[in-house]
Amino acid sequence: MTIRDATAHDAAAIAAIYNPYILDSTISFEEEAVTAEEMQTRIAGVQDGGLPWLVLERDGVIVGYAYATKWRVRHAYRHSVETSVYLARGQAGQGSGTALYEDLLARLRAAGCHMAIGGIAQPNPASVALHEKLGYKKVAHFSEVGFKFDRWIDVGYWELKLG
């Protein structure tokens with residue numbers, strides 16, 4: 001298992017991991033598949049903003065990724081980030097999500113980030129368990145804020161103080 005910074009060349013593999021979450025689940029609130037080109041732009045935007053986008057490889061194949069984005073655009077929020085992790089199908093339960101998040105959180109701490117925030121569409125017991133395993137605490141629950149696949153979806157928010 002290798003965790004490293006994502007590159008533009010990883011965009012197609014990352015899109016292939018992410019698109020099933022868009023097309024087959026309510027975990028992502030996006031509704032249309034993302035192209036490799038769009039994913040490349042997203043990766044560059046995160047990294048150009050000074051935040052990490054990581055990939056996890058097993059035997060040279062990308063099987064997951066994690067990244068952080070700015071929580072809000074106003075300057076006073078500059079020490080808070082939103083974190084995300086996605087694994088390829090069949091990769092859950094092998095420690096990949098934990099390894100990615102631990103590396104991501106270590107990098108965020110080293111960069112001086114103060115607060116990590118995870119938004120989780122509900123229900124998603126696996127993601128809740130991962131976040132809570134790493135010390136995130138639930139701080140909010142919004143009812144019916146998303147609408148996908150002809151139904152309303154709740155979102156919970158978890159926070160982790162990094163420093």
Any residue meeting salt bridge (Lys or Arg N to Asp or Glu O under 4.0 Å) with R107, in chain and number order, not counting sequence neighbours: D5, D103

Check: L87 main-chain N/O paired with Y18 side-chain donor or acceptor under 3.5 Å: no

Do H131 and I120 come close enough that some side-chain heavy atom pair is under 4.5 Å? yes

Other residues, nucleotides and ligands only: do more than 12 of their heavy atoms fall within 6.0 Å of CZ on F29? yes

Which pair of non-hydrogen atoms, one from I17 and one from G64, has the smallest distance, and what is that distance? CD1-N, 3.7 Å

Give a yes or no on whether L54 and I117 share a hydrophobic cluster (residues Ile, Leu, Val, Met, Phe, Trp, Tyr; joining criterion: side-chain heavy atoms under 4.5 Å apart). no

Plane angle bin for W53 and Y67 - parallel if under 30°, tilted between 30 and 60°, otherwise perpendicular: parallel

Please examine the side chains of Q40 and H9, heavy atoms only from C-beta on, and report whether any two atoms are closer than 4.5 Å. no

Hey, are E30 and R42 close enough for a salt bridge, meaning a charged N less than 4.0 Å from a carboxylate O? yes

Which residues, ordered by chain and number, are linked to W152 in its hydrophobic cluster, where ILVMFWY side chains connect at heavy-atom gaps below 4.5 Å, directly or through other members? F147

Here the pair of heavy atoms bringing L130 nearest to G97 is CD1-C, 4.0 Å

Dump the intermediate steps for side-chain hydrogen bond (donor to acceptor under 3.5 Å, both in side chains) on S28 and Y86, then the final yes or no. CA-CA 10 Å; S28 169; Y86 290 92; 5.0 Å; no

Go through the structure and list residues passing side chain to side chain contact (heavy atoms under 4.5 Å, CB included) with E57, not counting sequence neighbours. T2, R4, I62

Might you confirm whether atom NZ of K138 has over 12 heavy atoms from other residues, nucleotides or ligands at distances under 6.0 Å? yes

